[in-house]
Protein chains: 2
Amino acid sequence: MAVRRNTWQREAVREALERSEGFISAQALHTELHRTGSPIGLATVYRALADLSTEGEADSLQSPEGEAIYRSCATMDHHHHLICRQCGTTAEIEATEVEAWASRVAAEHGFTEARHVVDIFGLCADCTAAAARA
Amino acid sequence: MAVRRNTWQREAVREALERSEGFISAQALHTELHRTGSPIGLATVYRALADLSTEGEADSLQSPEGEAIYRSCATMDHHHHLICRQCGTTAEIEATEVEAWASRVAAEHGFTEARHVVDIFGLCADCTAAAARA
DNA sequence: GCCGTGTTGAGAATGGTTATCATTACTGAT
DNA sequence: ATCAGTAATGATAACCATTCTCAACACGGC
């Protein structure tokens with residue numbers, strides 16, 4: 001009997017995911033939850049995220065580094081991120097040009113309720129300089 | 001590190017990659033090489049693929065399952081996905097406009113080696129119709 | 001052929017994710 | 001409210017792709 005039960009853990013994951021802006025990895029979310037006092041288990045975080053993803057409450061995708069990263073699907077924020085994969089700093093970027101493109105492409109394929117994921121991973125100026133020095 | 005040496009292993013990886021159509025994982029390529037008689041080591045396959053990738057002879061990206069997959073770079077350019085979050089079907093989409101935008105934005109912020117994540121989640125035509133009926 | 005050094009490869013290490021399973025606790029029924 | 005049935009939890013082990021280690025090897029220039 002697949003009766004889904006409500007537990008504080010599941011709710012904690014959902015809230016933490018909504019509270020975090022942009023994408024976050026399962027590991028990071030687990031760390032964040034522990035930091036705020038929740039003794040939630042890592043396995044539970046993974047399960048909750050997988051459930052949220054199948055139910056459509058969260059989007060999941062693979063970062064270029066091979067981690068699975070999640071984002072709350074409810075927040076239709078239209079700002080995107082430029083993420084340094086070395087030091088982790090992020091810069092918010094405008095993506096107005098892409099908005100139109102995304103909805104047009106979705107419409108061309110008969111898709112509705114399209115939400116897009118547009119993020120760029122790279123090396124920031126500092127880390128580029130550091131890498132050049134080494 | 002000054003001189004790159006030519007070894008039959010490196011060449012075998014390049015040829016096997018070109019022979020295989022579309023994307024293939026490092027593990028699959030290693031299995032394929034062994035199947036055809038090459039006693040090449042797994043670590044060497046990974047190294048060769050990483051080298052080909054940095055030299056621009058191969059594209060690499062992450063499969064939804066979290067594996068790194070590679071493709072000979074000669075023919076197609078990389079594409080993005082339009083993903084139905086209901087039934088999971090994906091459609092490949094061209095994103096030429098976005099490619100230029102992504103590299104430009106990255107450059108404006110001093111970022112280098114930019115890789116972008118551009119995917120659109122929505123409801124495909126079938127699932128939209130099914131949802132409308134219900 | 002010889003030598004120096006880049007390369008190889010078996011296995012160990014790593015790191016993210018999933019499975020195991022005894023225990024906990026939510027839910028619907030009594 | 002209590003109970004029983006069972007889904008959910010979580011510590012840990014297992015898993016799997018990938019990377020690292022390092023001794024042995026082989027390519028290229030001599």
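Worth saying up front: this structure is predicted, and the values here are computed from it rather than measured. Naming: A, B, ... by sequence-line order, numbering from 1 per chain.
Under the rule for a side chain to side chain donor-acceptor pair (under 3.5 Å), B/Gln9 has no partner lying at least two apart in sequence or in another chain. The side chain to side chain contact (heavy atoms under 4.5 Å, CB included) check on A/Leu42 picks up A/Gln27, A/His30, A/Tyr46, with sequence neighbours excluded. For B/His109, the side chain to side chain donor-acceptor pair (under 3.5 Å) test picks out no residue, with sequence neighbours left out. For B/Glu18, there are no salt bridge (charged side-chain N to carboxylate O under 4.0 Å, His left out) partners two or more places apart in sequence or in a different chain. Residues that satisfy the side chain to side chain contact (heavy atoms under 4.5 Å, CB included) test with A/Ala50, not counting sequence neighbours, are absent from this structure.
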Short heteroatom pairs, N/O only, protein and nucleotides 14-18 of chain C, under 3.5 Å:
from	atom 1	to	atom 2	distance (Å)
C/dT17	OP1	A/Ala68	N	2.6
C/dT17	OP2	A/Tyr46	OH	2.5
C/dT17	O5'	A/Tyr46	OH	3.4

Tabulated below should be each protein N or O lying under 3.5 Å from an N or O of nucleotides 26-30 of chain C; please produce it.
from	atom 1	to	atom 2	distance (Å)
C/dC26	O2	A/Arg5	NH1	3.3
C/dT27	OP1	A/Asn6	N	3.3

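A salt bridge (charged side-chain N to carboxylate O under 4.0 Å, His left out) check over residues 40-54 of chain A, counting only residues at least two apart or in different chains, returns the pairs A/Arg10-A/Asp51. Within the structure, salt bridge (charged side-chain N to carboxylate O under 4.0 Å, His left out) contacts touching residues 100-110 of chain A (residues at least two apart or in different chains) are A/Arg104-A/Glu108, A/Arg104-B/Glu97. Residue pairs meeting the salt bridge (charged side-chain N to carboxylate O under 4.0 Å, His left out) criterion with at least one member in residues 35-46 of chain A, sequence neighbours excluded: A/Glu32-A/Arg35.
Near DNA chain D, defined here as any heavy-atom distance below 4.0 Å, there are no residues from residues 28-35 of chain B.
Rounding to the nearest 0.5 Å places OG1 of B/Thr44 at 10.5 Å from CG of B/Leu33. Once rounded to the nearest 0.5 Å, the distance linking CZ of A/Phe23 with OG of A/Ser25 reads 12.0 Å. Atoms CZ and CG, on B/Phe111 and A/Leu82 in that order, are 4.0 Å from each other to the nearest 0.5 Å.
Comparing the helix axis at one end of the helix from C/dG1-D/dC30 to C/dT30-D/dA1 with that at the other, each defined from 5 consecutive pairs, gives an inter-axis angle of 30° (nearest 10°).
Across all strands, B/Arg47 comes closer than 4.0 Å to base atoms (heavy-atom distances).
B/Glu11 places its CD atom 18 Å from the P atom of D/dA26, with the value rounded to the nearest Å.
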